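Because the structure is predicted, anything quoted here is derived from the model rather than measured.
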Amino acid sequence: MSDDVLCVARVPIFQGLTRQEQLHVAEFVRPTCVEKGETVYSPGQPVSRLLVMHSGQLKVSRAAANGQDQILRTVTDGDVVGERAFLTGHRPVDLVVALEDSRMCVFNHAELSALLRDYPDISQRMLRALSDRLSSVERLLAAITSSNVNARVAAYLLDLPGSIRDGVATVQLPMAKQEVAAYLGTTPETLSRRLAALSPPESSNSTDAVTSRFAPLTRSNA
């Protein structure tokens with residue numbers, strides 16, 4: 001399987017298509033690579049492409065009123081960037097930077113519009129993905145406006161991809177702890193204490209890999 005076909009097959013908005021339809025969509029893919037620290041696009045920049053992550057990681061941020069960089073989300077394998085600009089026609093207001101060397105599958109807006117006419121299911125899945133992201137943002141916003149740091153950390157961890165084995169969930173922090181702390185409106189020291197409190201005694205939080213027992217964590221108490 002070529003990288004272009006693999007990129008299409010792994011993205012949720014294209015997973016409703018048949019194998020033959022995915023092969024057709026893959027014909028419009030333009031592979032693009034960026035290096036760590038490279039700017040993918042800037043606020044106000046004319047953007048006429050949809051980016052589908054094949055591998056690597058991007059950071060989406062926006063300048064706050066105080067001039068500081070406010071992290072909005074991280075983008076990993078299978079995620080999509082630029083669907084808002086595609087759907088609205090507006091220029092982006094966010095800054096997108098590569099956190100590591102990354103490979104993307106890029107779709108031109110005009111060609112993507114033609115694909116949506118042929119495969120309306122892609123539009124529905126794209127809107128569903130935006131709705132899921134909005135729900136995630138709303139959960140985190142509710143937690144951040146709370147004075148309870150535990151709620152913020154729990155809400156953030158619950159939205160991270162991970163694996164569960166023997167009742168222990170393992171997640172990989174997508175950013176350095178300092179950036180995660182800034183994202184959650186707390187300090188790196190407080191974040192480290194909260195992560196340590198969630199982790200089994202034998203685990204270590206000295207790196208960005210965090211092992212935590214999530215049995216007590218649910219959407220209702222996050």
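Judged purely by atom type and a 3.5 angstrom limit, Asp101 has no side-chain atom pairing as donor or acceptor with the backbone of Glu35. For Ser102 (side chain) and Gln57 (main-chain N/O), a donor-acceptor pair under 3.5 Å exists by modelled atom type. A donor-acceptor distance shorter than 3.5 angstrom exists from the side chain of Thr18 to the backbone of Glu21, with no hydrogens or angles considered.
To the nearest 0.5 Å, atom CD of residue Glu38 and atom CD of residue Glu100 are 13.5 Å apart. Here the SG-CZ distance, from Cys105 to Arg49, works out to 12.5 Å after rounding to the nearest 0.5 Å. Atom CD of Glu83 is separated from atom CG of Leu51 by 9.5 Å, given to the nearest 0.5 angstrom. The distance from the OG1 atom of Thr187 to the CZ atom of Arg193 is 6.0 Å, given to the nearest 0.5 Å. Atom CG of residue Leu50 and atom CG of residue Leu115 lie 10.5 Å apart, to the nearest 0.5 angstrom.
Val8 and Phe28 fall within a single hydrophobic cluster, where Ile, Leu, Val, Met, Phe, Trp and Tyr are joined by side-chain heavy atoms under 4.5 Å apart, directly or via other members. Tracing side-chain contacts under 4.5 Å through hydrophobic residues (I, L, V, M, F, W, Y), one reaches Ile71 starting from Leu195; they form part of the same cluster. By the criterion of side-chain heavy atoms lying less than 4.5 angstrom apart, applied directly or through intervening Ile, Leu, Val, Met, Phe, Trp or Tyr residues, Leu191 is grouped together with Leu99 in one hydrophobic cluster.
Residues Met53 and Met104 meet the side-chain proximity criterion, which asks for heavy atoms closer than 4.5 Å. Here the side chains of Thr190 and Val153 are not in contact, with every heavy-atom distance at 4.5 Å or above. Two residues are said to be in side-chain contact when any heavy atoms from C-beta on lie closer than 4.5 Å; Val25 and Gln22 fail this criterion.
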*Does the side chain to side chain contact (heavy atoms under 4.5 Å, CB included) test come out yes or no for Asp79 and Leu58, once each step is laid out?*
CA-CA 10 Å; Asp79 289 339; Leu58 307 178; over 6 Å; no
Between Arg194 and Thr186, does the side chain to side chain contact (heavy atoms under 4.5 Å, CB included) criterion hold? Intermediate values first, please. CA-CA 11 Å; Arg194 296 299 182 266; Thr186 186; over 6 Å; no
Please evaluate residues Val80 and Phe14 with respect to the criterion side chain to side chain contact (heavy atoms under 4.5 Å, CB included), reporting the C-alpha separation (whole Å), side-chain torsions for both, the decisive distance (0.1 Å), and the verdict.
CA-CA 11 Å; Val80 176; Phe14 299 126; over 6 Å; no
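Heavy atoms of other residues, nucleotides or ligands lying less than 6.0 angstrom from CD of Gln45 number more than 12.
Listed by first then second residue, pairs satisfying side chain to side chain donor-acceptor pair (under 3.5 Å) with a partner in residues 109-124 read His24-Tyr119, Arg30-Glu111, Asp121-Arg125, not counting sequence neighbours.
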Could you pull out all donor-acceptor pairs under 3.5 Å where a side-chain atom in residues 87-95 meets a protein atom, sequence neighbours excluded?
unit_1 : atom_1 : unit_2 : atom_2 : d
Thr88  : OG1    : Arg84  : O      : 2.7
Thr88  : OG1    : His90  : N      : 3.2
Arg91  : NH1    : Gly44  : O      : 3.1
Asp94  : OD1    : Arg62  : NE     : 2.7
Asp94  : OD1    : Arg62  : NH2    : 2.8

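Closest of all the heavy-atom pairs between Gln15 and Ala9 is CG-O, 3.4 Å.
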